[in-house]
Amino acid sequence: MTENVRVRFAPSPTGPLHIGGVRTALFNYLFAKKHGGDFILRIEDTDQNRYVEGAEQYIIDSLNWCGIPFDEGVSKPGDFGPYRQSERKQLYKQYADNLVASGNAYYAFDTAESLDFHRKDHEAKGKTFIYNWHNRLKLNNSLALSAEEVKEKLDGGEDYVIRFKSPQDETLHLKDIIRGDIKIDTNILDDKVLFKSDGMPTYHLANIVDDHLMKITHVIRGEEWLPSLALHYQLYNALGWDTPEFAHLPLILKPTGKGKLSKRDGDKLGFPVFPLEWTDPKTNDVSRGYKEDGYFPEAMVNFLAFLGWNPGTEQEIFSLEELINSFDLGRVNKSGARFDPDKTKWFNHHYMQEQDNDTLANSFKKQRSELEDIDINYISMVIGLIKERATFISDFWDLSHFFFVAPSSYDEKASKKAFKDGTAAILTEVLTLVNNMEDFTVSTLTSAIKGWITSNNIGFGKVMMPLRLALVGALQGPDVFDIMFMIGKNETVKRLEKVVASL
Ligand code: GLU
């Protein structure tokens with residue numbers, strides 16, 4: 001690649017960013033960084049009716065949380081700004097006018113009511129109304145009207161839109177990096193609106209004008225934009241511009257593999273579809289986010305990378321750096337990528353193991369009031385012992401409460417299994433051993449208690465089970481000797497005495 005790679009993520013701020021959008025941003029980022037290029041964030045807010053307060057900041061926060069920052073964009077000036085389309089408003093009209101002047105576009109004066117009438121009329125006949133070559137001369141536009149009539153309407157300030165004049169009987173040859181060559185018969189295309197009566201460009205016009213002016217080399221976006229590709233190609237040609245390269249990413253499918261993943265699927269099956277929590281500014285409804293659900297950004301990035309891409313090897317764990325090195329648009333699939341919520345947990349569990357215990361300890365401490373007065377180093381050591389069983393920080397308390405507070409009850413089923421007739425006598429002997437120990441370490445505890453069990457020929461379970469139950473309250477947790485060492489001699493003695501007294 002000789003030219004400087006420039007890609008853009010171009011979301012519309014119409015609500016929280018779906019993880020599909022984050023995946024699009026990620027693939028753009030990976031591609032840019034792999035080729036030493038720039039990743040641009042452009043906010044496509046030309047549709048004022050769909051503008052949602054806070055959505056733009058949400059998009060920026062999401063990219064930052066994922067660790068895939070943009071090089072240029074709103075709030076990060078570059079040479080091609082402004083990066084918010086509403087601030088570029090005055091720029092688009094000239095291109096629409098050019099297209100009219102070159103005969104590639106025309107003024108259309110049809111009212112909303114008349115278009116609605118045609119639509120309903122067609123529907124009633126089981127047909128779909130398409131505004132294009134086959135009927136445009138019968139409609140209210142500058143191709144059908146005389147030059148004087150058109151002038152009169154324009155001078156009179158009549159509302160109009162500018163439509164692209166889609167050619168008849170041509171075959172377009174489109175190229176997509178992921179999908180290969182695509183042929184389109186222009187007869188099926190409609191004359192899309194490029195410029196609206198409110199003085200704003202539509203997505204199509206603004207999008208290609210900006211991609212051109214911002215020197216975008218590769219357009220990487222979701223499959224839902226594939227139907228727009230034919231128009232975009234024609235617009236580039238009509239304006240005499242080179243087309244960028246295109247790559248349309250596969251849809252993200254429901255866990256069943258059927259249909260597009262929606263927020264409803266997440267609600268039903270209990271997983272978020274947004275990177276960060278989102279509060280709807282109108283309804284105050286709160287939607288869950290991966291961050292708040294306890295996912296690490298590394299896990300999110302890793303699982304998103306595998307939605308539609310694979311490295312062609314068995315390797316599944318990839319740091320962002322490794323993803324940048326391995327990423328290749330040629331290895332992105334055409335077919336939809338099934339979303340697997342269990343796999344996202346699997347990734348999180350993996351990245352949990354890689355987290356620094358001190359950092360985890362700080363987060364854990366903030367989550368539980370019981371830990372307020374506990375030394376952070378102690379919490380950190382506990383985490384080292386239990387995190388192998390944890391997927392989220394919110395799992396920590398269940399896995400570790402006995403390191404911080406003595407059990408107040410003993411699991412009933414486990415008690416029946418562990419507390420037998422001879423148990424009080426056995427635990428009393430263990431207590432004596434413990435009390436006599438000067439050097440209270442994991443290794444001295446292990447050899448003292450295990451040695452005592454062996455030399456007295458007692459079954460291991462007869463000692464270890466009640467011991468664990470006395471310390472933990474259930475038959476769970478890490479190594480018993482680790483627990484004894486961590487809680488210390490005094491606490492160990494207290495917990496054993498309590499059980500002995502109750503038996
Ligand atoms: N504004 C469009 C969106 O919301 C951008 C599509 C594109 O990348 O061309 O996804």
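Counting convention: from 1, in listed order, for ligands and their atoms alike.
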For atom 2 (C) of ligand 1, what's the nearest protein heavy atom and its distance? Ala10 O, 3.3 Å
To the nearest 0.1 Å, how far is atom 1 (N) of ligand 1 from its closest protein heavy atom, and which atom is that?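 That would be Glu44 OE1, 2.6 Å.
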Heavy-atom distance under 4.5 Å between the side chains of Met352 and Phe396, does that happen here? yes
Any heavy atom of Arg8 closer to ligand 1 than 4.0 angstrom?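 True for this residue.
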Any chance the side chains of [X] and [Y] put a donor and an acceptor closer than 3.5 Å?
{"X": "Asp210", "Y": "Tyr92", "value": "yes"}
{"X": "Gln168", "Y": "Asn187", "value": "no"}
{"X": "Asp265", "Y": "Ser262", "value": "yes"}

Taking Asp191 first and then Arg136, would you say they form a salt bridge - that is, a charged N and a carboxylate O separated by under 4.0 Å? yes
Which of the atoms of ligand 1 are close to Tyr203, meaning less than 4.0 Å from one of its heavy atoms?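 So the answer, numbered in order with elements, is 2 (C), 5 (C), 6 (C), 7 (C), 9 (O).
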Atoms of ligand 1, numbered as shown, that sit under 4.0 Å from any heavy atom of Asn207: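 This gives 7 (C), 9 (O) as the contact atoms.
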With heavy atoms and a 4.0 Å threshold, my read on which part of Trp225 contacts ligand 1 is side chain
